[in-house]
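Scroll down for the structure; my scribbles are underneath it.
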Amino acid sequence: MPPFIDVAEKLDIKVKWKPLSCAAYGYYSPRDNSITLGSKDFIVYFHELAHAVNATYADLSKDIKKAEVVAELTAAVLCEMNGISGYESQAYKYIQRFCADMEDKAVLKNIMRTLK
């Protein structure tokens, strides 16, 4: 059972596992407030949980790129907080895909803007 499963339960977010045939390892569905996971990697759960929590504050469809940066940055931080290492490079590369300018300086600027 992943850490913070109690957060999902308190927010009435259903969490389920099933094999996924698409390129994603998981997804959040605002329609039924559920997280579907095709991977047991914590970063995938944390990423989708971040989408679910963010959806309570923002319309994720208005700025998909920002929603992805928020979710992946949150997932990386939650991994570190839980002593799970090794995802930093993967998280950085994922965030980089959602930046118009993929140079390191621009990616870090985007991350700092997101944190703000």
Can you tell me if [X] uses its side chain to pair, donor with acceptor, with the backbone of [Y] under 3.5 Å?
X   : Y   : value
D32 : K14 : no
E88 : G86 : yes
N82 : I84 : no

Output the distance between atom [atom1] ([X]) and atom [atom2] ([Y]), rounded to the nearest 0.5 Å.
X   : Y   : atom1 : atom2 : answer
L49 : Y28 : CG    : OH    : 10.0 Å
D41 : C79 : CG    : SG    : 8.5 Å
N54 : T74 : CG    : OG1   : 7.5 Å
I95 : E72 : CD1   : CD    : 6.0 Å
Y45 : I35 : OH    : CD1   : 5.5 Å

Joint hydrophobic cluster, [X] plus [Y], side-chain heavy atoms closer than 4.5 Å:
X   : Y   : value
F46 : I13 : yes
L60 : F98 : no
F42 : V53 : yes
V7  : L73 : no

field: Within residues 62-71 or reaching into it, pairs that qualify as side chain to side chain donor-acceptor pair (under 3.5 Å) - sequence neighbours excluded
entry: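 Side chain to side chain donor-acceptor pair (under 3.5 Å) check on residues 62-71 returns H47-E68, H51-E68, E68-Y94.
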field: L37 vs K16 side-chain heavy atoms within contact, under 4.5 Å
entry: no
message: Quick check: closest heavy atoms across A71 and A50, and the distance to 0.1 Å?
response: CA-CB, 3.7 Å
message: Using a 4.5 Å cut-off between side-chain heavy atoms of Ile, Leu, Val, Met, Phe, Trp and Tyr, which other residues end up in the same hydrophobic cluster as Y27?
response: L20
Report, one line per pair, each donor and acceptor closer than 3.5 Å where one atom sits in a side chain of residues 101-115; sequence neighbours left out.
residue: D101; atom: OD1; partner: E103; partner atom: N; Å: 3.0
residue: D104; atom: OD1; partner: Y92; partner atom: OH; Å: 2.6
residue: T114; atom: OG1; partner: N110; partner atom: O; Å: 2.9

